[in-house]
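Worksheet: the structure to be examined is printed underneath.
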2 protein chains.
Amino acid sequence: MTIQETGTARPAGRPRSEKAERAIIEATLDLIGEGMGVSELSIEAIASKAGVGKTTIYRRWSNKEDLVVDALATLKAPMPRLRGTSVRDDLIVLLDVMRAEAGQPRSRCVMNIAMSEADRYPRLMERFMKRAVEPRRAALRAVIERGIASGELRADLDVDMGMALLSGAMLWHTKWGPEGELAADLAERVVDAALSGLAP
Amino acid sequence: MTIQETGTARPAGRPRSEKAERAIIEATLDLIGEGMGVSELSIEAIASKAGVGKTTIYRRWSNKEDLVVDALATLKAPMPRLRGTSVRDDLIVLLDVMRAEAGQPRSRCVMNIAMSEADRYPRLMERFMKRAVEPRRAALRAVIERGIASGELRADLDVDMGMALLSGAMLWHTKWGPEGELAADLAERVVDAALSGLAP
DNA sequence: CCGATACGCAACGGTCCCGTTTCGTAAACC
DNA sequence: GGTTTACGAAACGGGACCGTTGCGTATCGG
């Protein structure tokens with residue numbers, strides 16, 4: 001009882017390497033971000049990429065799905081400070097986060113998983129939605145609801161429909177838009193187009 | 001030279017079974033429609049589902065990608081007759097086709113492939129885009145351009161942005177909207193929301 | 001009937017990955 | 001030093017699928 005006795009009795013023997021744990025999760029996210037589906041992920045590939053023995057993985061997670069769940073749980077939605085001055089500005093900020101994320105392989109995990117594995121891994125999706133998708137959705141929803149309340153958006157606007165138009169348009173550009181990087185002003189143009197509508 | 005001599009000399013021996021060929025392609029599309037990615041497709045699973053020997057597949061296609069290319073080539077975009085009375089009506093018809101297709105496993109191939117395998121199979125994607133995606137896009141683009149010309153849509157509207165808002169919103173509802181079947185009036189509501197915009 | 005080709009089926013050796021075990025070494029505690 | 005647990009590496013038997021081959025049968029033209 002010299003030091004480091006915080007009540008939880010430290011187990012005997014060599015402690016588990018946190019570095020290895022991080023490397024495993026990083027490798028998992030990297031592979032997913034490269035476009036690999038969950039079913040194509042192999043423990044051996046993760047171990048190899050992480051520079052780790054398979055034993056070290058199986059000691060921590062009993063199967064692939066548990067590992068992926070934990071890996072995805074470390075993904076947090078980057079929550080920008082919304083200035084709250086105008087709904088238009090806040091929407092641009094939120095959608096521009098989507099644009100920026102679409103470029104980083106790491107952040108691409110979110111969209112890759114959300115789009116592809118929706119049906120097959122219900123347990124995984126449930127956690128993943130709660131952790132990574134819901135915060136993004138909630139932020140967008142809050143801005144839209146605030147806009148309705150303040151009169152900046154139509155009083156009869158269906159909130160879900162507003163979310164669909166805004167983030168759907170970003171999604172469309174990401175996957176099917178003109179090739180290459182997304183234009184820097186894409187978020188602004190999407191917001192303005194959605195706000196003013198297609199009709200004259 | 002009794003009958004059936006159309007210049008292409010009929011090769012000797014038993015002819016290849018067109019029924020088997022159709023069954024193979026059907027099985028391939030079924031598996032893709034069930035959410036199976038191209039890399040998870042196995043020749044053995046296709047053969048089994050089609051009630052066919054592997055030999056019969058390898059006799060026709062030398063690898064999986066060729067088979068998938070041919071299978072996807074049989075997918076044609078269902079092209080509804082557009083009445084052309086109003087842009088709004090035509091947009092609703094086009095988007096409602098998307099809604100209807102989202103339910104049928106067979107037609108889900110288009111979206112599943114288009115969303116998931118974009119990067120990894122460039123040769124496949126090129127053909128697939130040309131055959132199955134482009135016609136849909138062209139139809140939507142034509143309607144939007146007609147609307148701009150007729151004054152039913154804003155003169156300064158970016159056509160790509162219009163397509164993104166409309167089909168992006170449908171896509172969003174398909175993947176992330178409230179669970180269950182898409183509402184029967186979804187296309188109409190999306191079109192009206194996009195036309196009038198979010199602002200008052 | 002005969003030759004030729006396609007068919008479904010089963011088997012082959014090869015590769016990848018599984019999940020487990022063994023081994024020698026490393027890092028914490030007493 | 002001694003005990004205990006974790007580590008990376010290697011090997012295991014097992015399963016899925018690969019692409020190929022051989023087999024007996026079916027279906028065409030001549």
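Remember, predicted model here, so these are calculated numbers, not experimental data. Lettering of chains follows the sequences in order, A, B, ..., and the numbering in each one begins at 1.
Here D:dG8 is the nucleotide among C:dA11, C:dG19, D:dG8 with the atom lying nearest to any side-chain atom of A:V52. When distances run from any side-chain atom of A:S42 to the nucleotides D:dA6, D:dC18, C:dC18, the shortest one goes to C:dC18. For A:T55, the listed nucleotide lying nearest its side chain is D:dG8; candidates were D:dT20, D:dG8, D:dT21.
Side-chain N/O atoms of A:R14 and base N/O atoms of D:dA6 include a donor-acceptor pair closer than 3.5 Å.
In this structure, A:E44 places its CD atom 15 Å from P of C:dT15, rounding to the nearest Å. Protein atom CZ of B:R59 is 13 Å distant from nucleotide atom C1' of D:dT27, rounded to whole Å. Atom C1' of nucleotide D:dA16 and atom CD of B:E40 are separated by 14 Å, given to the nearest angstrom. Taking atom CD1 on A:I43 and atom C1' on D:dA16, their separation rounds to 17 Å, with Å as the unit. Rounded to whole angstrom, the span from the OH atom of B:Y58 across to the C1' atom of C:dC7 amounts to 17 Å. In this structure, CD of A:E18 is placed 11 Å from P of C:dA28, rounded to the nearest angstrom. Atom NZ in B:K54 sits about 13 Å away from atom P in C:dC12, given to the nearest Å. Atom-to-atom, CG of B:N63 to P of D:dT20 comes out at 10 Å; the value is rounded to the nearest Å.
Contact check on B:D96 versus B:R99 returns a salt bridge, with a Lys/Arg side-chain nitrogen under 4.0 Å from an Asp/Glu carboxylate oxygen. Ion pairing between a basic and an acidic side chain is recognised when a charged N comes within 4.0 Å of a carboxylate O; A:E26 and A:K19 show no such pairing. Electrostatic pairing of B:E21 and B:R60 counts as a salt bridge here, judged by a charged N lying under 4.0 Å from a carboxylate O. Using a 4.0 Å cut-off between charged nitrogen and carboxylate oxygen, B:K54 and B:E44 count as a salt-bridge pair. A salt bridge links B:E101 to B:R136: at least one charged side-chain nitrogen sits closer than 4.0 Å to a carboxylate oxygen.
For C:dC7, one of the phosphate oxygens OP1 or OP2 lies less than 4.0 angstrom from a side-chain nitrogen or oxygen of B:R60. Distances shown here put every side-chain N or O of B:R16 at or beyond 4.0 Å from the OP1 or OP2 atom of C:dC7. Contact annotation: B:T56 reaches the phosphate of C:dG8 (side-chain N/O to OP1 or OP2, under 4.0 Å).
A residue-by-residue look at B:P15 and B:A45 shows that B:A45 has its nearest nucleotide of DNA chain D further toward the 5' end.
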